[in-house]
Amino acid sequence: MRFSEAFIYTLKEAPSDAVLPSHIYLIRGGFVQSVGAGLYNFLPLGKRVLDKVRTVIKEELDNAGCQEVDLAFVTPSELWKESGRYEKYGKELLRFKDRKDAEYVLGPTHEEMMVNLARAYLKSYKQLPVNLYQIKTKFRDEIRPRFGLMRGREFLMKDGYSFHKDEESMIKDGFEKMEKTYSKIFNRLGLDFRIVEADSGAIGGSGSKEFMVLAESGEDTIVVCEECEYGANIEAAVRANPKAPHEANEEYEKPEMVFGKFLTPDVKTIEELSEFFLIDPYYLLKVVAKKALYDGGEEKIVLFGIRGSDELQEVKACNAVDANELADVSDEELENAGLVPGFMGPKDLPKEITFIADKLLEGEESVIAGANEKDYHFVGLNLKELNLTYKDLAEVKEGDACAKCGGKLKYTKGIEVGHIFQLGTRYSAPMKAEFLDENGKSKPYVMGTYGIGVSRLLAAIIEQHHDEKGPIWTKESAPFDLEIIVSNIKKEQELQTGKKLYEELSKNFDVLLDDRKERFGFKMNDYELLGIPYAIIVGKKIQDGIVEIVDRKTLQKQEVKADEAVEKIKGLLA
RNA sequence: CGGAGUGUAGCGCAGUCUGGUAGCGCACCUGGUUUGGGACCAGGGGGUCGAAGGUUCGAGUCCUUUCACUCCGACCA
């Protein structure tokens, strides 16, 4: 491709709202154009990178025995009602009607469509397992799209689905195989990533793992162990039960409490309470109130009880009450429900209020908790007498102990580029997608589902590979393998040599020839902004038969004889 | 959803307080000079100032409504 004819337009300035390097460089380099909240046009350069990434994904999946399909983007609401996700998926699902008033949604993911496809053909256990995938535009009406391609509303995703006769096959032929295949894909793309345990979110199902590209700008907090391989999204992270202060620290005496109701005027927060009783927050019961939202607009106030030394992990809490979503609840709403903000606790609650306690509180015989009465707390409350429900609700903190090895846990940030799920029969059962087993018995498929954020990968690659000049594309993701820069096109010898190299190298590589009527510095800056792995500069030294090879990563220039440049480049790009 | 902010040329911005014929830089077009690190000179094209309504002799500027976009928050009992 000749630069002088290419639809490549770089910008000196980025839009003021672009903060992340990936966002800035994608726009400045002319890879994408922003058209609206979370919507982007891919320009030729961006499209090239997208195709490169897509090729890597396709090659590895096809190698692993998956087959590519392409399903309709517009999907009938009927299917979503069948699976029970029409409500559950919430506002991110863009719904609309056609001229006949039939309801549709734009596919945010395609479990329903894929199950619908499979059940039409896969009737016998002999046909299984099957793994189908597509690389297709998805639409999710995100609350807050941001960071360029990192979190768009319209984005390119690879979504794959596997169908199996039983759990064992799903894990072996689906889940574990995809875990290996995904690792190959991200390695080929040159990414430093970590596989972590995750929450399954709106997709549902049991086990799930995320592929996290480690980057400061990542939106997800992941918990990793300093000693062992354990890693998990904070939404799903677990820890060894923390020790009570009197167990961990010999000088700290276990507080003795006699049950009773105490006047605690205006003492509302855990901090105030801790000071009032001169006691470690560990022995206090913190109550967090939320509004749980369910299908059909049903709302329920739920109280979550955790130790005062812990924070509530909202995703865990949401899962604990099987809600679609948790929302904040105002003091007024609490009061209307017969609750006293600041003095809420598990004992003497209004009947219709649900109370869930963190598992760390199970068996606790003596805590301080709100008395559900203004200005009063219970001291020495025995939770064993209350018949509470216990779930894992607390958020793992940095410094907590690893549940696997006891090592120290710490936080790090990651960009979720892949997510694999063990779905089981979450979709096949309600959608009656069944096959006949060896005994002629009808059974729903056991499924797995596997996603890769293809457009997000472009952002992730840049977040991990860039410098102050621009992106540094990895070999398998670069829009071109090589750029040839003719320093001054008015110098006949420079231009001719450039063209000759271009023709020769184009036989084996994607080459961009910068033959624009611009000054050298201008072209160099553009080269750096495009992030192409190597460049050959044909300039002044051509008089002595010398050209320079530039390595984008190091920006080091290396002089070579013009007639040896082709071989040299072949070696570098091999 | 809550809070804050911004909409003026393709991009980045000034002008709005104090109403009086819409400006700057980049990019673009023409001519010339320049050519190894984002050149310079001269000339030029391009904007119903987010939209609707109102006040006024006169509105980018004041008032009302509305739309869009961006940022921050979602942690509290």
Side-chain angles (χ1 to χ4, degrees), chain A residues 9-19 23-24 27-28 30 33-39 90-91 143-148 153 221 234 264 266-274 281 284-291 293 301 303-306 308 310-318 325-331 333-335 339-346 368-372 374-375 377 393-395 397 469-470 485-491 494-495 514 516-529 535 537-543 546-548 550 555 557 559:
Chain A
Y9 303 102
T10 57
L11 300 170
K12 255 188 194 168
E13 284 166 300
S16 49
D17 52 63
V19 196
H23 191 185
I24 292 170
I27 291 196
R28 281 195 51 212
Q33 179 197 30
S34 159
V35 279
L39 304 175
K91 286 185 181 146
I143 321 172
R144 209 182 137 196
R146 58 184 133 178
F147 302 144
R153 289 196 295 170
T221 299
I234 192 147
T264 51
D266 241 14
V267 179
K268 293 181 178 179
T269 67
I270 287 298
E271 216 170 279
E272 289 162 2
L273 208 54
S274 169
L284 309 177
L285 184 80
K286 183 189 318 198
V287 174
V288 180
K290 290 284 175 187
K291 210 164 28 177
L293 309 180
I301 289 178
L303 302 186
F304 297 99
I306 50 179
D310 281 326
E311 298 290 343
L312 183 71
Q313 200 338 290
E314 206 165 304
V315 172
K316 288 182 180 178
C318 188
E325 205 184 328
L326 291 184
D328 286 351
V329 48
S330 68
D331 283 0
E333 286 170 294
L334 289 175
E335 280 156 17
L339 295 164
V340 193
F343 302 95
M344 295 186 287
I368 297 177
N372 294 311
K374 188 166 164 39
D375 293 338
H377 278 85
L393 299 174
E395 183 157 286
K397 297 192 292 281
K469 300 276 196 173
I485 301 171
V486 176
S487 177
N488 183 348
I489 60 161
K490 284 194 175 165
K491 302 262 169 72
E494 290 183 18
L495 186 60
D514 196 342
R516 292 174 302 170
K517 190 181 164 250
E518 297 287 352
R519 296 162 73 97
F520 175 75
F522 187 88
K523 295 182 187 181
M524 256 332 260
N525 274 305
D526 269 358
Y527 164 70
E528 284 151 359
L529 187 54
I537 301 173
V538 185
K540 280 181 170 166
K541 290 169 187 148
I542 194 62
Q543 293 165 3
I546 301 278
V547 298
E548 290 160 287
V550 184
L555 290 177
K557 293 172 188 165
E559 297 190 354

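Below, chains carry the letters A, B, ... as their sequence lines are ordered, and counting in each starts from 1.
In the interface, the side chain of Glu528(A) is not paired with the base of G38(B) through any donor and acceptor atom under 3.5 Å apart. Below the 3.5 angstrom threshold, one finds a donor paired with an acceptor across the side chain of Arg28(A) and the base of G38(B). Evaluation of atom-type donor-acceptor distances gives no pair under 3.5 Å for the side chain of Glu494(A) against the base of G36(B). For G36(B), the base has no donor-acceptor partner in the side chain of Asn488(A) [N/O atoms by modelled type, under 3.5 angstrom].
Comparing the C1' positions of C29(B) and G10(B) gives an interatomic distance of 15 Å, to the nearest angstrom. Rounded to the nearest Å, the gap between the P atom of C17(B) and that of U6(B) is 14 Å. Taking the C1' atom of each, U33(B) and C69(B) are spaced 44 Å apart, rounded to whole Å. To the nearest whole angstrom, the two C1' atoms, one in C62(B) and one in U18(B), are 11 Å apart. Going from the C1' atom of G47(B) to that of U21(B) covers 15 Å, rounded to whole Å. Taking the P atom of each, G50(B) and U16(B) are spaced 15 Å apart, rounded to whole Å. The separation of G31(B) from G7(B), taken at their P atoms, amounts to 38 Å, rounded to a whole angstrom. U66(B) and U30(B): their C1' atoms are spaced 44 Å apart (whole Å).
Pairing partner, C1(B): G73(B), with both Watson-Crick or wobble hydrogen-bond distances short of 3.5 Å. Across all strands shown, U6(B) pairs with A68(B); the Watson-Crick or G-U wobble distances both stay below 3.5 Å. G58(B) makes up no base pair with any nucleotide shown, lacking Watson-Crick or G-U wobble contacts both under 3.5 Å. Using the Watson-Crick or G-U wobble rule with both distances under 3.5 Å, U30(B) pairs with A42(B). Base pairing of U18(B): no nucleotide in any strand meets the Watson-Crick or G-U wobble criterion (both distances under 3.5 Å). Across all strands shown, the partner of G53(B) is C63(B), judged by Watson-Crick or G-U wobble contacts whose two distances both fall under 3.5 Å. Using the Watson-Crick or G-U wobble rule with both distances under 3.5 Å, G25(B) pairs with C11(B).
Between Met344(A) and Leu334(A) there is a side-chain heavy-atom pair separated by less than 4.5 Å. A 4.5 Å side-chain heavy-atom check between Ile537(A) and Met524(A) finds at least one atom pair inside the cut-off. Within the 4.5 Å cutoff, the side chain of Asn525(A) has heavy atoms near those of the Lys469(A) side chain. Residues Tyr527(A) and Asp514(A) fail the side-chain proximity criterion, which asks for heavy atoms closer than 4.5 Å.
Atom pair Leu529(A):CG and G37(B):P shows a separation of 19 Å (rounding to whole Å applied). The separation between Leu11(A) atom CG and G12(B) atom C1' is 10 Å, rounded to whole Å. Look at CD1 on Ile485(A): it is 13 Å from C1' on G38(B), rounded to the nearest Å. Distance, Ile24(A) CD1 to G12(B) P: 12 Å, rounded to whole Å. Between the P atom of U35(B) and the NZ atom of Lys491(A) lies a distance of 7 Å, rounded to the nearest Å.
Of all non-hydrogen atoms in Ala317(A) and Leu326(A), the two that sit nearest each other are CB-CD1, 3.7 Å. Contact detail for Phe343(A) and Val267(A): the closest heavy-atom pair is CE2-O, 3.3 Å.
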Pairs: protein N or O with nucleotides 32-34 of chain B N or O, under 3.5 Å:
| residue | atom | partner | partner atom | Å |
| --- | --- | --- | --- | --- |
| U34(B) | O2 | Arg519(A) | NH1 | 2.7 |

What's touching nucleotides 25-30 of chain B from the protein side, N or O pairs under 3.5 Å?
| residue | atom | partner | partner atom | Å |
| --- | --- | --- | --- | --- |
| G25(B) | N2 | Glu13(A) | OE1 | 3.3 |

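Mapping Gly521(A) and Ala14(A) onto RNA chain B via the closest heavy atom, the residue that lands nearer the 5' end is Ala14(A). Along RNA chain B, the nucleotide nearest Leu555(A) and the nucleotide nearest Gln33(A) are compared for position; the residue whose nucleotide lies closer to the 5' end is Gln33(A).
In this structure, the side chain of Asp375(A) engages the main chain of Asp266(A) through a donor-acceptor pair within 3.5 Å. Judged purely by atom type and a 3.5 angstrom limit, Lys286(A) uses its side chain to pair as donor or acceptor with the backbone of Asp310(A).
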Side chain to side chain contact (heavy atoms under 4.5 Å, CB included) between Arg516(A) and Val486(A): does it pass, once the steps are laid out? CA-CA 8 Å; Arg516(A) 292 174 302 170; Val486(A) 176; over 6 Å; no
Determine, step by step, whether Ile368(A) and Thr264(A) satisfy the side chain to side chain contact (heavy atoms under 4.5 Å, CB included) criterion, reporting the C-alpha distance in whole Å, the side-chain angles of both residues, the deciding distance to 0.1 Å, and the verdict. CA-CA 11 Å; Ile368(A) 297 177; Thr264(A) 51; over 6 Å; no
Do Leu393(A) and Val288(A) pass the side chain to side chain contact (heavy atoms under 4.5 Å, CB included) test, and can you show the C-alpha distance, the side-chain angles, and the key distance before you say yes or no? CA-CA 11 Å; Leu393(A) 299 174; Val288(A) 180; over 6 Å; no
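Checked for salt-bridge contact, Lys316(A) and Glu395(A) miss the test: no charged N lies under 4.0 Å from a carboxylate O.
Note: Lys374(A) NZ to Lys268(A) NZ = 5.5 Å, rounded to the nearest 0.5 Å. Here the OG1 atom belonging to Thr10(A) is positioned 5.5 Å from the CZ atom belonging to Phe522(A), to the nearest 0.5 angstrom.
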Return a single string for nucleotides 71-77 of chain B, one symbol per nucleotide in 5' to 3' order, where B is base contact, S is sugar-phosphate-only contact and - is none, cutoff 4.0 angstrom on heavy atoms. SBBSBBB
